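The model shown is predicted, which means the values in this text are computed figures rather than measured ones. Throughout, protein chains are lettered first and strands after them, A, B, ... in sequence-line order, and every chain is numbered starting at 1.
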Amino acid sequence: MAHWLMKSEPDVFSIDDLKRKKREAWDGVRNYQARNYLRAMAVGDEALFYHSSCAVPAVVGIARISRAAFADPTQFDPASEYHDAGSKPADPRWSAVEVAFVRKFKSPLTLERLKSMPELTGLPLVQRGTRLSVMPVDELQWRAIVEAGS
DNA sequence: GCCAACGTTGGC
DNA sequence: GCCAACGTTGGC
């Protein structure tokens with residue numbers, strides 16, 4: 001079972017929103033590398049839920065992939081901010097997955113702390129200049145983060 | 001709000 | 001195919 005990290009701006013969609021709604025489509029990804037990772041996800045994979053663009057950027061909990069990649073409907077919706085006129089329904093350019101709430105960390109594992117963990121040096125999240133919003137997390141990294149957050 | 005870093009676009 | 005210009009991300 002693979003592990004992932006997914007960024008969300010808490011003002012838009014937070015871990016508490018996911019807890020309340022139980023499940024949510026993870027749509028609006030418009031970066032090819034991140035899209036390719038969405039397509040590589042399998043049902044049952046777990047993902048770290050990360051809050052970005054906020055006062056204290058941090059991993060705040062865990063979600064589980066509850067539906068594998070499907071065509072992101074927002075790309076075909078002219079009213080959506082994620083609309084992509086260049087994407088054809090016969091050959092959709094962008095994918096989404098559905099995630100389910102698993103649990104919230106006891107306390108947020110802040111970016112500052114993540115940067116101090118030697119296990120995470122290879123993780124794009126803590127590398128300067130990286131903006132990738134969906135990324136794989138290896139076993140060692142996963143264990144280190146979950147242990148520190150639990 | 002600033003700005004560094006990066007991805008995308010489009011002229012040539 | 002190159003590369004300058006532009007837009008976006010996201011920490012600070």
Nucleotide N/O to protein N/O under 3.5 Å, stretch nucleotides 6-10 of chain C:
unit_1: C:dT8; atom_1: O2; unit_2: A:Arg131; atom_2: NH1; d: 2.6
unit_1: C:dG10; atom_1: OP1; unit_2: A:Lys7; atom_2: NZ; d: 3.0
unit_1: C:dG10; atom_1: OP1; unit_2: A:Arg131; atom_2: O; d: 2.5

(request) Among Ile, Leu, Val, Met, Phe, Trp and Tyr joined by side-chain contacts under 4.5 Å, find the other residues sharing a cluster with A:Phe76 and list them by chain and number. (result) none
Between side-chain atoms of residues 52-65 of chain A and protein atoms elsewhere (two or more places apart, or another chain), which donor-acceptor pairs fall under 3.5 Å?
none

(message) Test of understanding: with side-chain contact (heavy atoms from CB on, under 4.5 Å), list the residues that count as partners of A:Lys21, not counting sequence neighbours.
(response) A:Phe13, A:Glu24
(message) A:Lys115: which residues meet the salt bridge (Lys or Arg N to Asp or Glu O under 4.0 Å) condition with it, sequence neighbours left out?
(response) none
(message) Suppose we screen for salt bridge (Lys or Arg N to Asp or Glu O under 4.0 Å). Which residues come up paired with A:Glu147, at least two apart in sequence or across chains?
(response) none
